[in-house]
Amino acid sequence: MTRLLCQVCGYPADRNTDSVLWLVGEDPHHPEEWPVPLLTAHPPVCGPCAAKAVRACPHLRRQHTALRVRGFRPAAVRGALYQPAQPAPIMMTAAGIALDDPHARWVRAGQLILDLHDFSLTTLDTST
């Protein structure tokens with residue numbers, strides 16, 4: 001995700017001089033109801049794949065918002081949370097753990113979660 005590759009095709013995500021294109025499943029008409037911080041485990045997208053994803057994904061078809069994101073940072077990881085044990089650690093559960101949480105060192109991460117900040121809403125051409 002830190003290489004900013006499109007989550008659909010794996011090629012570079014749509015970028016301009018100061019922002020990257022992201023799709024989130026939030027209501028575009030009520031940004032005041034969005035979670036703070038705005039976290040995502042989904043990589044950015046390129047323009048053509050964003051339009052396809054909105055048409056193909058039931059979750060995004062119901063509601064989506066396209067963002068031009070200027071600031072993002074790693075915030076957490078999601079994966080298998082272990083606890084210390086002898087002779088080896090024992091898996092407890094799947095969890096999302098903030099990077100500054102002391103338990104983060106006991107997570108075998110499968111996903112990086114980013115905090116998206118400094119963004120603006122944008123529109124997509126979904127006719128292609």
Which pairs count as side chain to side chain donor-acceptor pair (under 3.5 Å) when at least one residue sits in residues 8-17, sequence neighbours excluded?
Asp14-Arg68, Asn16-Ser19
Among all residues two or more places apart in sequence or in another chain, which pass the side-chain hydrogen bond (donor to acceptor under 3.5 Å, both in side chains) test with Gln86?
none
Of all residues at least two apart in sequence or in a different chain, which pass the side-chain hydrogen bond (donor to acceptor under 3.5 Å, both in side chains) check with Asp27?
none
Looking only at atom types and distance, does a side-chain atom of Arg61 sit under 3.5 Å from a main-chain N or O of Arg55, one as donor and one as acceptor?
yes
Contacts of His59 that satisfy side-chain hydrogen bond (donor to acceptor under 3.5 Å, both in side chains) - sequence neighbours left out
none
Taking only residues at least two apart or on different chains, which pairs with a member in residues 83-109 satisfy salt bridge (charged side-chain N to carboxylate O under 4.0 Å, His left out)?
none
Write out all pairs satisfying ring-ring contact (aromatic ring centres under 6.0 Å, His included) with one or both partners inside residues 70-99, taking only residues at least two apart or from two chains.
Trp22-Phe72
hydrophobic_cluster_shared for Leu112 and Leu38, side chain cutoff 4.5 Å:
yes
Taking Phe119 as the starting point, is it possible to reach Met1 by hopping between hydrophobic residues whose side chains are less than 4.5 Å apart?
yes
What distance do Leu81 atom CG and Ile90 atom CD1 have between them, rounded to the nearest 0.5 Å?
12.0 Å
Linking I/L/V/M/F/W/Y whenever any side-chain heavy atoms sit under 4.5 Å apart, do Leu23 and Trp34 land together?
no
Listed partners of Arg73 passing side-chain contact (heavy atoms from CB on, under 4.5 Å), at least two apart
Asp115, His117
Nearest 0.5 angstrom please: Arg78 CZ to Ile97 CD1, how far?
9.0 Å
Rounded to the nearest 0.5 Å, what's the gap from CG on Leu21 to CG on Leu67? Could you check?
8.0 Å
N/O donor-acceptor pair under 3.5 Å between Gln7 side chain and Val45 backbone
no
Once side-chain contact (heavy atoms from CB on, under 4.5 Å) is applied, do any residues pair with Ala41, and if so which ones, sequence neighbours excluded?
Gln111, Ile113
Is any side-chain heavy atom of Glu26 closer than 4.5 Å to one of Pro35?
yes
Got a sec, which residues hit side-chain contact (heavy atoms from CB on, under 4.5 Å) with Pro102, two or more places apart in sequence or on another chain?
none
Test side-chain hydrogen bond (donor to acceptor under 3.5 Å, both in side chains) applied to Thr93 - qualifying residues, sequence neighbours left out
none
Worked verdict on Val8 versus Lys52 for side chain to side chain contact (heavy atoms under 4.5 Å, CB included)
CA-CA 9 Å; Val8 178; Lys52 291 174 191 172; over 6 Å; no
Taking the side chain as everything from C-beta on, heavy atoms only, tell me whether Arg70 gets closer than 4.5 Å to Ser120.
yes
Roughly how far, to the nearest 0.5 Å, is CG of Leu124 from SG of Cys49?
11.5 Å
Sort and list the pairs that fulfil ring-ring contact (aromatic ring centres under 6.0 Å, His included) and have at least one residue in residues 88-112, not counting sequence neighbours.
none
For the hydrophobic clusters of this structure (ILVMFWY residues joined by side-chain heavy atoms under 4.5 Å, transitively), does one cluster hold both Leu4 and Val24?
yes
With sequence neighbours excluded, what pairs up with Leu99 under the side-chain contact (heavy atoms from CB on, under 4.5 Å) test?
Pro74, Val77
